[in-house]
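Written below as structure tokens is the structure these notes are about.
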Amino acid sequence: MEYNLALEVPFNLQYTLESGQVFRWERSGDWWVGDVTHGAVKVMQEGEWLRCVASSERVGSSFVRNYFRLDDDLDAVLSTLMKDERMTVAAQRFYGMRLVRQDQWECLASFLLATNANIPRIKKMVSALCSRFGEPFEFEGAVHHSFPSPEALASRSVNEFEECGLGYRAAFIKRVAAAVRDLKIDLLEIASLPYKEAHELLLSELRGEKVLLGVGPKVADCFLLYSCGKDEAFPIDVWIGKAVAGWYPRLFPPRLRRKLLGEGGSKMSGGDYETASEAMRSRFGKYAGYAQQYIYAAARAQPG
DNA sequence: TAGCAGGAAAATC
DNA sequence: GATTTTCCTGCT
């Protein structure tokens with residue numbers, strides 16, 4: 001199934017797919033091939049148009065429009081963020097980059113795997129999980145796989161996940177899959193809550209035990225931002241921490257600033273994370289998550 | 001609450 | 001080829 005989608009809004013496919021939000025897109029010449037919720041889709045940007053080839057009608061233009069959040073008024077968002085020179089430069093340099101709206105379970109599971117790993121490794125782990133436990137389907141002569149459901153993963157052994165190269169993450173993924181399957185945490189309900197309540201609930205405990213073992217504040221924020229549309233979420237990873245401490249030294253107490261910069265060996269505590277994230281939220285407001293995405297892109301393009 | 005373990009691949013030297 | 005770093009969280 002082929003279709004062309006008239007953009008009529010600022011959008012940059014490459015910036016968006018290379019912004020570290022997604023792990024199941026591969027470049028193939030001018031095309032990008034992505035495995036998404038209900039199939040696979042091949043996309044190429046030609047100026048104001050997106051050329052698309054989809055594995056089924058479920059990955060049609062309304063899906064793509066929703067996935068790339070083309071209804072967001074990007075100019076309006078960016079105009080609220082361009083409060084300083086560096087942010088303005090980043091917004092212009094990566095103009096057209098958008099937050100995506102990906103599948104909730106895939107997003108949570110993917111970022112659960114992202115601890116102590118770099119992007120190529122995360123992709124490798126996600127890909128291993130999909131090819132072993134996902135449902136196979138054919139697209140343009142190649143075998144693709146769906147992202148395995150919570151049920152499918154919860155029924156597997158920790159050992160099988162270790163064989164996928166997950167290491168210590170193997171136990172986390174099994175437990176979190178079971179918790180989601182059993183609705184210990186209802187992802188749809190999370191999405192319906194205001195940011196702060198949703199963030200808190202994701203980190204909550206039941207009888208003194210984390211419901212989502214392995215999900216800390218950073219993973220929770222990635223999940224909320226990339227799959228729930230909670231645009232206030234401001235995930236802080238190593239790159240972002242260093243960037244914001246350098247860009248906005250005044251926003252943080254000196255101790256916290258040093259931790260963000262990774263100086264002196266002392267690590268951030270959970271409280272430090274919330275303080276730093278909240279500081280960015282109070283600077284950039286309800287689109288802080290978009291600011292984070294542009295800072296991330298700028299920081300990775302120009303380390304230091 | 002601070003410090004450390006975890007785990008393997010990529011990036012860097 | 002060895003060492004350092006890597007989109008962090010849990011445990012003590």
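Here is how names work: the chains are called A, B, and so on, in the same order as the sequence lines, proteins then strands, and each is numbered from 1.
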Between A/Gln293 and A/Ser19, is there a donor-acceptor pair closer than 3.5 Å when you use the side chain of the first and the backbone of the second?
yes
Between C1' on C/dC8 and CD1 on A/Ile173, what's the gap in Å once rounded to a whole number?
15 Å
Looking at A/Asp30 and A/Arg51, does any basic side-chain N land under 4.0 Å from a carboxylate oxygen?
no
Separation of A/Asp237 atom CG from C/dT9 atom P, in whole Å?
10 Å
Between B/dA5 and C/dT4 - P atom distance, rounded Å:
16 Å
Starting the side chain at C-beta, find the nucleotide from B/dA10, B/dA2, C/dC8 nearest to A/Asn116.
C/dC8
Among the nucleotides B/dA11, C/dC7, B/dA2, which one has an atom lying closest to any side-chain atom of A/Lys259?
B/dA2
What's the NZ-P distance between A/Lys210 and C/dC11, to the nearest Å?
9 Å
Using 30° and 60° as the class limits, which term best fits the ring planes of A/Tyr248 and A/Phe284: parallel, tilted or perpendicular?
perpendicular
Across the strands shown, which category fits A/Pro235 at heavy-atom distances under 4.0 angstrom: base, sugar-phosphate, nothing?
nothing
Using the P atom as the reference point in each nucleotide, state the distance between C/dT9 and B/dA10 in Å, no decimals.
22 Å
Please tell me which of the listed nucleotides, C/dT6, B/dA10, B/dG7, lies nearest to the side chain of A/Lys242?
C/dT6
No-H, no-angle donor-acceptor pair, A/Lys218 side chain to C/dC8 base, under 3.5 Å
no
Who is the Watson-Crick or G-U wobble partner of C/dC11, with both distances under 3.5 Å?
B/dG3
Start at the 5' end of DNA chain B and walk down; is the nucleotide closest to A/Thr115 or to A/Asn118 reached first?
A/Thr115
A/Lys124 side chain near B/dA10 phosphate (N/O to OP1/OP2, under 4.0 Å)
yes
Side chain of A/Phe111, heavy atoms from C-beta onward: which of C/dG10, B/dG7, C/dC7 has the nearest atom to it?
C/dC7
Could you check whether A/Arg65 pairs with A/Asp71 (Lys NZ or Arg NE/NH1/NH2 to Asp/Glu carboxylate O, under 4.0 Å)?
yes
How is A/Gln21 classified with respect to the nucleic acid when contacts are heavy atoms under 4.0 Å: base, sugar-phosphate, or nothing?
base
Measure the distance from CE on A/Met125 to P on B/dA10 and round it to the nearest whole Å.
10 Å
How long is the line joining CZ of A/Arg300 and C1' of C/dC7, in whole Å?
7 Å
A/Arg175 CZ to C/dG10 P, straight-line distance once rounded to whole Å:
10 Å
Mind checking the P distance from B/dT12 to C/dC7? Whole angstroms is fine.
10 Å
Atom CD1 of A/Ile122 and atom P of C/dT5: how far apart are they, to the nearest Å?
18 Å
Could you pick out which residue, A/Cys222 or A/Phe172, lies toward the 5' side of DNA chain C when each is mapped onto its nearest nucleotide?
A/Cys222
NA contact type, A/Ser110, heavy-atom cut-off 4.0 Å: base, sugar-phosphate, or nothing?
nothing
Could you tell me whether A/Leu213 contacts a base, only the sugar-phosphate backbone, or nothing, with contacts defined as non-hydrogen atoms closer than 4.0 Å?
sugar-phosphate
Nearest-neighbour nucleotide for the A/Ile119 side chain, C/dC7, B/dA10, C/dC8 considered
C/dC7
Which of A/Tyr226, A/Trp105, A/Phe223 passes ring pair (Phe, Tyr, Trp, His ring centres under 6.0 Å) with A/Phe111? Answer is A/Tyr226
From CA spacing to verdict: side chain to side chain donor-acceptor pair (under 3.5 Å), A/Thr115, A/Tyr168
CA-CA 10 Å; A/Thr115 64; A/Tyr168 68 92; 2.7 Å; yes
What about A/Arg121: does its side chain form a donor-acceptor pair under 3.5 Å with the base of B/dA8?
yes
Check the distance between B/dA2's C1' and A/Leu256's CG and give it to me in whole angstrom.
15 Å
